[in-house]
Asks: 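Structure incoming, see below.
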There are 2 protein chains.
Amino acid sequence: MATTETPAEPLSIGEVAERTGLSVHALRFYEREGLLVGPIQRTTGGRRRYTTADVDWLLICIKLRESGMPLAELKRFAELVRHGPGNEAERLRLLDAHQRRVEAQIQALEECRSVIARKVGIYGEHLARGEAGGLWDPTV
Amino acid sequence: MATTETPAEPLSIGEVAERTGLSVHALRFYEREGLLVGPIQRTTGGRRRYTTADVDWLLICIKLRESGMPLAELKRFAELVRHGPGNEAERLRLLDAHQRRVEAQIQALEECRSVIARKVGIYGEHLARGEAGGLWDPTV
DNA sequence: ACTTGATCTAGACCGTCCTCTAGTTCGTAG
DNA sequence: CTACGAACTAGAGGACGGTCTAGATCAAGT
């Protein structure tokens, strides 16, 4: 299930940044904001050591963020997971609500796409016919 | 082609806000930022009078914004349209690039949706089986 | 030992996109 | 004439989601 094939070697923040696409800044920021489930382990020197489970959680976070879940809600979700079993119903509600939002978003985007595609088509035609068209309705 | 059936009665800012869903603040802001094509007409008293063409342009703006076009780019597009014919190729490039971004966005969202749907499914099953599952992998 | 580069913390800062405020004016109904 | 809501301007303010800085420390190579 692990997304990375690494066995159990803990990863440095830089490695995690590379694997996830998040900046090291963002990784620290997420941690400070309480967006992670467990506390990240540290070396004796104080450096973070991420497990693959940590990375997997981050990858989920990224998907949720990418699809527009606000940090506050992500934080809420992390809290629920952190507090262990017993609140699955609430987690489900949260995810389900988000899923609905994502679906609405996709619909909205598809509508936008078709509007844009229409305009692109019109401009394309206009150009293909040579630019002799003169002033034509800009709001088409 | 007009999106509103009103013949030629100009509209007040409040009416336009109602029709478009933008706030009056946002309407003034858009104007200040140069996001509109023509200057909005004014009454002798200085109040804005929107034509249906203005509203149509706003509706386009809304679609572009909704699909993530930044204001700066929208402004650029408005400038091109404002400066009349002769730059259709550039308008087309701009719209086309945006369309590609929208498509990429839709793809990304669909991926997110499937990830989320999987989790929703797992939580749903878990709950259906009764909450006796105990601690299970939170990163599933 | 020295250098180099990655990491650490706390907090300041930033871009984007509006929203809201303050104080004023317009214009329509009574 | 008065009053009231809607609109006006310029500019401050705010939410969001990070990014960046400063100055210090850690760890690995030579």
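Letters A, B, ... mirror the listed sequences (proteins, then strands); counts begin at 1. Computed over heavy atoms, backbone and side chain alike; hydrogens, waters and symmetry mates excluded. Computed from a prediction, not measured in an experiment: that's the story for all the values here.
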Asks: Main chain of A:G86, side chain of A:E88: is a donor-acceptor contact present, judged purely on distance under 3.5 Å?
Replies: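 Looks like yes, one N/O pair under 3.5 Å.
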Asks: How many Å lie between CD1 on B:I13 and P on C:dT19, as a whole number?
Replies: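 Distance check: B:I13 CD1 to C:dT19 P gives 12 Å.
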Asks: Could you check A:L22 against A:T44 and say which one's nearest nucleotide on DNA chain D is further toward the 5' end?
Replies: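 Upstream on the strand: A:L22.
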Asks: Roughly how far, to the nearest 0.5 Å, is the CG atom of A:L74 from the CD atom of A:E79?
Replies: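 Going from the CD atom of A:E79 to the CG atom of A:L74 covers 10.5 Å.
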Asks: Does OP1 or OP2 of D:dA27 have a side-chain N or O of A:T43 closer than 4.0 Å?
Replies: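 Yes, because at least one side-chain N or O of A:T43 sits under 4.0 Å from OP1 or OP2 of D:dA27.
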Asks: What is the distance from CD of B:Q41 to P of D:dC8, rounded to the nearest Å?
Replies: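 Atom-to-atom, B:Q41 to D:dC8, this comes out as 14 Å.
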Asks: Using 0.5 Å steps for rounding, measure from the CG atom of A:N87 to the CZ atom of A:R93.
Replies: 9.5 Å
Asks: With a 4.0 Å cut-off, would you call A:E31 and A:R42 a salt bridge?
Replies: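 A salt bridge is present here (some side-chain N lies under 4.0 Å from a carboxylate O).
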Asks: Could you tell me whether B:E73 and B:R76 have a side-chain N and a carboxylate O separated by less than 4.0 Å?
Replies: no
Asks: If I take atom CG in residue B:L71 and atom C1' in nucleotide C:dT19, what distance separates them, rounded to the nearest angstrom?
Replies: 14 Å
Asks: From CG of B:L58 over to P of C:dC18, roughly how many Å is that when rounded to an integer?
Replies: 12 Å
Asks: At less than 4.0 Å, is any side-chain N or O atom of B:R47 found next to OP1 or OP2 of C:dT25? Yes or no.
Replies: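 For B:R47, the contact criterion (side-chain N or O under 4.0 Å from OP1 or OP2 of C:dT25) is not met.
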Asks: Could you give the CD-to-C1' distance, from B:E33 to C:dC17, as a whole number of Å?
Replies: 9 Å
Asks: Does OP1 or OP2 of C:dT7 have a side-chain N or O of A:S12 closer than 4.0 Å?
Replies: yes
Asks: State whether the side chain of B:Q105 and the backbone N or O of B:S67 hold a donor-acceptor pair below 3.5 Å, judged by distance alone.
Replies: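 Here the side-chain-to-backbone pair exists.
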Asks: Grab the CD-C1' distance between B:E73 and C:dT16 for me, whole Å please.
Replies: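 Rounded to whole Å, this separation is 14 Å.
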Asks: Can any side-chain N or O of B:D56 pair as donor or acceptor with the backbone N or O of B:A53 at less than 3.5 Å?
Replies: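 No: the side chain of B:D56 does not pair with the backbone of B:A53.
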Asks: Between atom CZ in B:R65 and atom P in C:dC17, what is the gap in whole Å?
Replies: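 Rounded to whole Å, this separation is 5 Å.
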Asks: Residues of residues 24-31 of chain B with any non-hydrogen atom less than 4.0 angstrom from an atom of DNA chain C: list those, numerically ordered, please.
Replies: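 Contacting residues: B:H25, B:A26, B:F29, B:Y30.
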Asks: Within this structure, what is the NZ-to-C1' distance between A:K75 and D:dG18, rounded to whole angstrom?
Replies: 15 Å
Asks: May I ask you to verify if any side-chain N or O of A:R48 is less than 4.0 angstrom from the OP1 or OP2 atom of C:dC8?
Replies: yes
Asks: Give A:R49 one of three labels, base, sugar-phosphate or nothing, depending on what nucleic acid heavy atoms sit under 4.0 Å from its own.
Replies: nothing
Asks: With no angle test and no hydrogens, is the base of D:dG18 tied to the side chain of A:R32 by a donor-acceptor pair under 3.5 Å?
Replies: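 Such a pair does not exist between side chain and base.
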